[in-house]
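Since the structure comes first, as structure tokens, the remarks are kept for the end.
Keep in mind that the numbers below use all heavy atoms, side chains included, and drop hydrogens, waters and symmetry copies. Start at 1 with the first residue, then count along the sequence.
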Amino acid sequence: MTSAAPDTDVVILGGGLAGLTLALQLRQRDCALRITVLERQRHPVREGAFKVGESTVEIGAHYFGTVLGLREHLDGEQIRKFGFRFFFSDGQTELDRCTELGVSRLLPTISWQIDRGRFENFLTEHVRARDVDLRDGAVVRSLELGSDGAMHRVRFEADGETHEVTARWVVDASGRAALIKRKLDLVQTNEHNAHSAWWRVSGLLDPRDWSTDADWLDRCTPPDRWRSTNHMCGEGYWFWLIPLSSGQHSLGIVCDGDLHPLETINTHEKAMAWLRRHQPRVAAMLESGDHELQDFMFMRHFSHGAKQVFSGDRWALTGEAGVFLDPFYSPGSDFIAISNTYITEMIAADRAGRPIAAMAQLYQQLYFSFYENTLTLYQDQYALFGDAQVMPLKVIWDYTYYWSLLAPLFFSGYMTSPQVLGQLRALFGEARTLNLGVQSLLHTWGKRNAARGDTAPLDGRLLDQYLIPWFHELNRQLNDRLEPDAFVMRMRSDVERMRDLAAELLVHARREHAGIGDAGLELVLDGHRAPAEPLLTPVWYAEVATADAIA
């Protein structure tokens, strides 16, 4: 070796989104902690066409904006998101005639569309300004994990020289390089067979160009559909459009590997041919000559788990180095926020001289339960993505599940509270069983609709989530601060609403298809009946409805 770095308390392998935000969270917790980040890329990186994972939802947005205190940058340098928006538009050119699902106004809890290059450049400067030893252009060559109190050793190359750093803690935030996972044979596949191809183009794509109908153009306030994560949906796939603050647009196809093989989309030419067939209006916009191609990438079977993510021997995995679910509903930043929070708690406990083996085991059990429960929202469900009757109901259910359980647990700060977690354990189990029953019902409902060929009538509906009072309130109350007992009582009330919604969905599924759900959800509900006052208006269940009827 030509030089040696001094010992550090924590070495983070990877200075991307997961590693940089962990470094900031650790610094906030302990200003005396010595932190070293080893990042392969040199900074500044390119804005726009750098990394995907640009859409945030409530947990990730709260983590960046509030927990890490980055609200000023997000408001000033990124784009305020106008929620998720879905168009059931496979093969259609008249997109204003397709069923639209989304909000007509901004919901109370904020999220952003994030230009990853711009954000990671900012984070790099931010952590360096807080005395974090960040070394870019650093390539890890070997890793020796200590045990029984022994230090970890990392050997890396930077600027043509070999260095070694010893550390009490090592955290793998290296993304799909997954240095610790591969070293310890922790790779774990799952059964979610999905692929993706994505690219960025110059200029912004505005849905206002899809119509000349004044009513359609003005039914959102502000009329900024372009700020949404727009999903163009069809059987077995969705196509994203995400605006970036650098003046570019992110585009991506995500599909079920059995219904849309990767080989049909794994070059830009193939992806555009696919788009002409499935989303011709969007393809025409891209081929207008106003949008220059910036990059193109693809990935086969992107979803994965891990056999272990936290260890009492003072190592951990975060971000894609650990688990990754699916870009639908944008959970990537959420799981970074959760894992980083658990890692920060473990390091703080270790610094205070407390044993961490049991803590690591508990946090890993919780983390894996969040991963496995969230995976049920995606696995074997892509076939119904083009169903304009069932898919909107699934989105409402999935949001309700998220805003009733995982999101409030993170927002409240009780995610690491043994007292609260103990009180909620049974409730989370009940909700998990209920969710499995509803996902099975939705899957079967979609299959039966497909068999009779009535999945996506051109009815011009706006299914406006903003106008559902309890749904709006679920989003708003994420920001409430409650004492533990009051918080637990609220979560129990929200899960009770989930039971009401599940029972209501079962009633309407049976109106469409007699006998559906007999073997599953009815047993889970155990006699629980739909509420006398429906949670969703009839238009949410109608096969065909018009915009005039909604108004």
Side-chain angles (χ1 to χ4, degrees), residues 57-59 61-62 83-86 101-103 107-109 111 229 231 325-326 328-331 334 369-370 373-378 381 384-385 387 389-412 424 427-443 445-446 463-480 487-509 517 520-521 524-525 528-531 533-541:
V57 285
E58 284 75 18
I59 290 176
H62 179 74
F84 285 144
R85 194 169 302 277
F86 306 82
L101 168 66
V103 289
L107 288 170
T109 301
S111 59
T229 299
H231 301 66
L325 288 153
D326 189 294
F328 196 72
Y329 298 137
S330 305
D334 285 11
S369 73
F370 302 149
N373 290 338
T374 306
L375 185 60
T376 64
L377 309 185
Y378 311 112
Q381 296 288 51
L384 60 78
F385 275 29
D387 190 323
Q389 180 191 41
V390 178
M391 190 61 189
L393 300 175
K394 173 175 167 55
V395 171
I396 288 292
W397 172 265
D398 292 349
Y399 268 123
T400 302
Y401 186 41
Y402 173 62
W403 287 347
S404 297
L405 293 155
L406 189 55
L409 187 62
F410 186 86
F411 271 70
S412 68
L424 292 176
L427 188 68
F428 267 77
E430 293 169 17
R432 177 185 181 277
T433 302
L434 187 60
N435 174 60
L436 290 173
V438 171
Q439 297 297 339
S440 177
L441 173 72
L442 294 168
H443 177 79
W445 193 351
L463 295 173
D464 190 354
Q465 299 160 318
Y466 187 87
L467 297 181
I468 305 172
W470 61 266
F471 191 78
H472 185 285
E473 176 62 12
L474 268 180
N475 177 271
R476 186 212 61 77
Q477 72 184 26
L478 291 174
N479 296 289
D480 289 348
F487 176 74
V488 170
M489 287 181 61
R490 173 178 283 179
M491 290 197 73
R492 286 176 176 156
S493 174
D494 290 341
V495 171
E496 188 66 17
R497 185 189 292 110
M498 287 176 59
R499 290 191 185 92
D500 289 344
L501 180 58
E504 184 173 313
L505 292 175
L506 180 59
V507 166
H508 284 275
L521 186 57
V524 173
L525 288 170
H528 191 98
R529 298 303 177 202
E533 184 69 27
L535 294 171
L536 298 175
T537 59
V539 72
W540 282 83
Y541 301 103

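Residues that satisfy the side chain to side chain contact (heavy atoms under 4.5 Å, CB included) test with Ala407, not counting sequence neighbours, are Ile59, Tyr402, Trp403, Leu478. Among residues two or more places apart in sequence or in another chain, the side-chain hydrogen bond (donor to acceptor under 3.5 Å, both in side chains) test is passed with Asp480 by Arg476, Arg490. For Tyr329, the side-chain hydrogen bond (donor to acceptor under 3.5 Å, both in side chains) partners at least two apart in sequence or on another chain are Asp398.
With rounding to the nearest 0.5 angstrom, the CD atom of Glu496 is 9.5 Å from the CD atom of Glu430. The CG atom of Leu434 sits 6.0 Å away from atom CG of Leu525, with the distance rounded to the nearest 0.5 Å. Between Asn479 atom CG and Thr109 atom OG1 the span is 4.0 Å, to the nearest 0.5 Å. One distance of note links CG of Asn435 with CG of Leu377; it measures 5.5 Å at 0.5 Å rounding. Of the inter-residue distances, the one linking Gln389 atom CD with Leu463 atom CG reads 10.5 Å to the nearest 0.5 angstrom. Put simply, CG on Leu474 and OG on Ser404 are 4.5 Å apart, with the number rounded to the nearest 0.5 Å.
Nearest heavy atoms, Trp540 versus Ile468: CZ2-CD1, 3.6 Å. Contact record, Gly446 with Leu384: CA-CB, 4.4 Å, taken as the closest heavy-atom pair. Taking all atoms of both residues into account, the shortest heavy-atom contact from Ala530 to Ala503 is N-CB, 3.5 Å. Here the closest non-hydrogen pair linking Pro531 and Glu504 is CG-OE1, 3.9 Å. Residue Asp464 comes nearest to Tyr466 through the heavy atom pair OD1-N, 3.0 Å, listed as atom of the first residue, atom of the second, then distance. The shortest non-hydrogen separation linking Ala431 to Tyr401 is O-CE1, 3.9 Å.
In this structure, the side chains of Met491 and Phe487 come closer than 4.5 Å at one or more pairs of heavy atoms. Counting heavy atoms from C-beta on, the side chains of Phe84 and Gln465 never come closer than 4.5 Å. Using a 4.5 Å heavy-atom threshold, the side chains of Ser111 and Val57 count as separate. Val390 has its side chain out of reach of His443: every pair of non-hydrogen atoms, C-beta onward, lies at least 4.5 Å apart. Taking the side chain as every heavy atom from C-beta outward, Val539 and Tyr541 never approach each other to under 4.5 Å. Within the 4.5 Å cutoff, no side-chain heavy atoms of Phe370 are placed close to those of Pro331.
In this structure, Phe410 and His62 have perpendicular ring planes: the angle between them is above 60°, well past the 30° mark.
Ring to ring, Phe86 and Phe385 are not that close: their centroids are 6.0 angstrom or more apart.
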Using side chain to side chain contact (heavy atoms under 4.5 Å, CB included), reason through Asp500 and His528 one step at a time and then give a plain yes or no.
CA-CA 8 Å; Asp500 289 344; His528 191 98; 2.6 Å; yes
Between Thr374 and Asp326, does the side chain to side chain contact (heavy atoms under 4.5 Å, CB included) criterion hold? Intermediate values first, please.
CA-CA 9 Å; Thr374 306; Asp326 189 294; over 6 Å; no
Run the side chain to side chain contact (heavy atoms under 4.5 Å, CB included) check on Leu505 and Leu521 step by step: do they pass?
CA-CA 10 Å; Leu505 292 175; Leu521 186 57; 5.6 Å; no
Verdict with reasoning, Asn475 to Glu58, per side chain to side chain contact (heavy atoms under 4.5 Å, CB included)
CA-CA 9 Å; Asn475 177 271; Glu58 284 75 18; 3.5 Å; yes
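The backbone N or O of Gly429 sits less than 3.5 Å from a side-chain atom of Thr433, completing a donor-acceptor pair. The main-chain N or O of Leu436 is never found under 3.5 Å from a side-chain atom of Ser440 such that the two would form a donor-acceptor pair. Using a distance-only test at 3.5 Å, with no hydrogens or angles considered, a donor-acceptor pair links the side chain of Arg85 to the main chain of Val103. Checked by atom type and distance alone, the side chain of Asn373 pairs as donor or acceptor with a backbone atom of Ser369 at under 3.5 Å. In this structure a side-chain-to-backbone donor-acceptor pair under 3.5 Å is present from His231 to Thr229. Here the side chain of Trp470 pairs a donor or acceptor atom with the backbone of Leu535 at under 3.5 angstrom.
Ion pair Asp494/Arg497 flagged as a salt bridge, since at least one NZ, NE, NH1 or NH2 atom sits closer than 4.0 Å to an Asp/Glu carboxylate oxygen.
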